[in-house]
Amino acid sequence: MSTEAQGTESRPRDFIRNIVAEDLANNKHDGRLATRFPPEPNGYLHIGHAKSICLNFGVAEEQGGVCHLRFDDTNPVKEETEFIEAIKADLSWLGFDWGENEYYSSDYFEQLYQWAVQLIKAGKAYVEDLSGEEMRKLRGTLTEPGTNSPSRERSVEENLDLFERMRNGEFADGAKVLRAKIDMAAANMNLRDPAMYRILHAHHHRTGNDWCIYPMYDFAHGQSDSIERITHSICTLEFADHRPLYDWFIEQLGIFAPHQYEFARLNLGYTVMSKRKLQQLVAEQLVSGWDDPRMPTLVGMRRRGYPAQAIRTFCERIGVGKSDSWIDLSVLEECVRDELNETAPRAMCVVKPLKVVITDYPEDQQEMFDAPIHPQQPQMGRRQVPFSREIYIDRDDFMEDPPKKFFRLGPDREVRLRYGFVIKCNEIIRDDSGEVIELRCTHDPATAGGVAAEGRKVKGIIHWVCAKTAVPVEVRQYDRLFQVEQPGGKEGDYREDINADSLQVFTPCYAEAGLADAEPTVAYQFERLGYFCADSRDSKPGALVFNRTVTLRDSWAKAK
RNA sequence: UGGGGCGUCGCCAAGCGGUAAGGCACUGGAUUUUGAUUCCAGCAUUCCCAGGUUCGAUCCCUGGCGCCCCAGCCA
């Protein structure tokens, strides 16, 4: 773990942390700090959620507070138990612990109902029987005030009766809603008598068929925060307009008042983050599933090989602010490399094999080269790399007509096999179509693996695998899912920006013998190529499948 | 000429009246049996614009300009 000691002190790093630190210093809420992460269980968590998670859990952790996990499950038609388990697994994987503090908005349904009754009695809520369409017409526009609905003047008694009958199931879905009586002329649209309850004869994943009316987000979220005595309710910018409503309900009800703060949601280049779009990618099979390694979901990233710590580091690096921002993919990738560079054992794997025969090496001979598992971490130990007369190298490491700056293999050129001999290419073998299918080389016995430099100046070093002992594997290389930084741009269809080459499958590839029992999820650096891990879904002993997590930086590729 | 939010380097982001942190990206150069890592160096006389207050403003005031969000019985 490279927990980079940064940020472990209580030093504030963003406006939220500043506010929290100040409140704590002023002994607001008796020095108590409680945040919450409130996902709706209708999909999988993505990297954007991770930002919120790291903020909410992070602040609590740093300041000795608590962070609740609360499922905001007020819409039974969209929510499923499947997602609850997945969300919890993602949270744990990221390394956060909510302890006993697992809550559900649905557990507050009875209390919420009572509060609604309280508002009706106070003349602050009424039952509406206009249709959604009619309500919209009366709502006015951004520049014109709305008009009061006839239902607004109903008596408290009638409202009470009607609301109870709504609960009892006397009305069809959509027939009526309970609305807050605020101000149809409010400049803030959210205050134009917003809906509090709708009728939904739907089975709820937790409350079953107990209810046929369900509270809206606005009537559930703040009160849930209040019930849990959340001190700092942190959400994204688009809810800023709801804050006056959040405060209004709490004030009318006279209950504990948490404070809502808003920060800018994460936008990452070359991907999409909205749950709707992610759902669509899965539904339309544009990807293989929520855990497709190209998805920005936590399950996808985990399967791809991103370490949880890299995601946490990423969330720290990008900061928390209020301005809309797009983060470069390179920031995330650097976090992944930083982490993996320190922790991943090294190995060699040839992805695009080209056979090389060392003509002056005895046919029946085999030897082992001694190599470090990690060049910078000697404590990780050594590995033995088998070598024999026939090996594979990557096609990219050979050029028939190499440019001046290419210092790998070419006709009559020398190159060093990593941890092995220096070889020289003497002959090129082609098939009928003229394609190069084999190289004939000779080796210099004086340059064997462990031997220190012998004065010979060989610039190029390439990776290779002994043909006799190689493990045939499949390698999947991923690239960005979209070919433009902001898929869909302004009004366009983001699907049209999908990168057709975001998945490249190579087989057979040849891996160093030691990789034979690679376990899914465990990261390796395939030297000179990048970081890889066996796929948790498709890799099987004897039929290994490796995912490329991220490439190594490649200044040569850039130079080209 | 509705309301809310935001504008500091290509992308993020500190800064809160005293003369522009840091990260990513980029550009050199050193070390290197990964063209990786590491390492050193460079990278905003300027903070959306224009006025004003002040000895002094990215930070205060005024007026512009630009971008984002809101008219779900979604969250």
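Below, read A as the first sequence line, B as the second, and so on, with proteins coming before strands; counting in each chain starts at 1.
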**Q** Tell me the partner of U53(B), counting only Watson-Crick (N1-N3 plus N6-O4 or O6-N4) or G-U wobble (N1-O2 and O6-N3) with both under 3.5 Å; none if nothing fits.
**A**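 Its partner is none (no Watson-Crick or G-U wobble pair with both distances under 3.5 Å).
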**Q** For Val77(A), which contact category applies under a 4.0 Å heavy-atom criterion: base, sugar-phosphate, or nothing?
**A** nothing
**Q** Output one letter per nucleotide in nucleotides 1-8 of chain B: B when a protein non-hydrogen atom lies under 4.0 Å from the base, S when only the sugar-phosphate is that close, - when neither is.
**A** -BBSSS--
**Q** Taking ring-ring contact (aromatic ring centres under 6.0 Å, His included) as the definition, give me every residue that meets it alongside His49(A), ordered by chain and number, with sequence neighbours left out.
**A**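 For His49(A), the residues satisfying ring-ring contact (aromatic ring centres under 6.0 Å, His included) (neighbours in sequence not counted) are His46(A).
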**Q** Could you tell me the Watson-Crick or G-U partner of G2(B), where both distances fall under 3.5 Å? Say none if there is no partner.
**A**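 Looking at the geometry, G2(B) pairs with C70(B).
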**Q** Report the residues that fulfil ring-ring contact (aromatic ring centres under 6.0 Å, His included) with His374(A), sequence neighbours left out, ordered by chain and then residue number.
**A**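 None.
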**Q** So Lys137(A), base contact, sugar-phosphate only, or nothing? Heavy-atom distance under 4.0 Å.
**A**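 Contact class for Lys137(A): none.
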**Q** Quick one: look up who C26(B) pairs with, Watson-Crick or G-U, both distances under 3.5 Å, and put none if it's unpaired.
**A** G42(B)
**Q** Can you name the one residue among Leu409(A), Ile423(A), Ile461(A), Val385(A) that meets side-chain contact (heavy atoms from CB on, under 4.5 Å) with Leu417(A)?
**A** Ile423(A)
**Q** Quick one: ring-ring contact (aromatic ring centres under 6.0 Å, His included) pairs with a partner in residues 169-199 of chain A, sequence neighbours left out?
**A**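 Residue pairs with at least one partner in residues 169-199 of chain A: Phe163(A)-Tyr197(A), Tyr197(A)-Phe219(A).
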**Q** Rounding to an integer number of angstrom, what distance separates C43(B) and G2(B) when you compare their C1' atoms?
**A** 45 Å
**Q** Applying salt bridge (Lys or Arg N to Asp or Glu O under 4.0 Å), which residue pairs with at least one partner in residues 185-206 of chain A are found, sequence neighbours left out?
**A** Asp107(A)-Arg206(A), Arg152(A)-Asp193(A)
**Q** Could you work out, with side chain to side chain contact (heavy atoms under 4.5 Å, CB included) as the rule, every residue matching Ala86(A), not counting sequence neighbours?
**A** Tyr44(A)
**Q** Taking salt bridge (Lys or Arg N to Asp or Glu O under 4.0 Å) as the cut-off, I'd like each qualifying pair that reaches into residues 175-187 of chain A, sequence neighbours left out, listed once.
**A** Glu128(A)-Arg179(A), Asp129(A)-Lys176(A)
**Q** Might you list the N or O atoms of the protein lying below 3.5 Å from N or O atoms in nucleotides 72-75 of chain B, with each pair's distance?
**A**
{"from": "G72(B)", "atom 1": "OP2", "to": "Arg136(A)", "atom 2": "NE", "distance (Å)": "3.4"}
{"from": "G72(B)", "atom 1": "OP2", "to": "Arg139(A)", "atom 2": "NH2", "distance (Å)": "3.1"}
{"from": "C73(B)", "atom 1": "OP1", "to": "Arg139(A)", "atom 2": "NH2", "distance (Å)": "3.4"}
{"from": "C73(B)", "atom 1": "N3", "to": "Gly174(A)", "atom 2": "O", "distance (Å)": "3.1"}
{"from": "C73(B)", "atom 1": "N4", "to": "Leu130(A)", "atom 2": "O", "distance (Å)": "3.1"}
{"from": "C73(B)", "atom 1": "N4", "to": "Gly132(A)", "atom 2": "N", "distance (Å)": "3.1"}
{"from": "C73(B)", "atom 1": "N4", "to": "Gly174(A)", "atom 2": "O", "distance (Å)": "2.9"}
{"from": "C74(B)", "atom 1": "OP2", "to": "Arg198(A)", "atom 2": "NE", "distance (Å)": "3.0"}
{"from": "C74(B)", "atom 1": "OP2", "to": "Arg198(A)", "atom 2": "NH2", "distance (Å)": "3.1"}
{"from": "C74(B)", "atom 1": "O3'", "to": "Arg198(A)", "atom 2": "NH2", "distance (Å)": "3.1"}
{"from": "C74(B)", "atom 1": "O2'", "to": "Asn75(A)", "atom 2": "ND2", "distance (Å)": "3.3"}
{"from": "C74(B)", "atom 1": "O2'", "to": "Lys78(A)", "atom 2": "NZ", "distance (Å)": "3.0"}
{"from": "A75(B)", "atom 1": "OP1", "to": "Thr74(A)", "atom 2": "OG1", "distance (Å)": "2.7"}
{"from": "A75(B)", "atom 1": "OP1", "to": "Arg198(A)", "atom 2": "NH1", "distance (Å)": "3.3"}
{"from": "A75(B)", "atom 1": "OP1", "to": "Arg198(A)", "atom 2": "NH2", "distance (Å)": "2.8"}
{"from": "A75(B)", "atom 1": "OP2", "to": "Tyr217(A)", "atom 2": "N", "distance (Å)": "2.9"}
{"from": "A75(B)", "atom 1": "O3'", "to": "Asp72(A)", "atom 2": "OD2", "distance (Å)": "3.1"}
{"from": "A75(B)", "atom 1": "N6", "to": "His242(A)", "atom 2": "NE2", "distance (Å)": "3.2"}

**Q** Please identify each residue that fulfils salt bridge (Lys or Arg N to Asp or Glu O under 4.0 Å) with Glu40(A), with sequence neighbours left out.
**A** none
**Q** Sugar-phosphate atoms are those with a prime plus P, OP1 and OP2; base atoms are the rest. Using that split, label each nucleotide of nucleotides 34-43 of chain B B, S or - for protein heavy atoms under 4.0 Å, 5' to 3'.
**A** BBBB------
**Q** Once ring-ring contact (aromatic ring centres under 6.0 Å, His included) is applied, do any residues pair with Phe526(A), and if so which ones, sequence neighbours excluded?
**A** Phe532(A), Phe546(A)
**Q** Listed by chain and number, what are the ring-ring contact (aromatic ring centres under 6.0 Å, His included) partners of His259(A), not counting sequence neighbours?
**A** Tyr261(A)
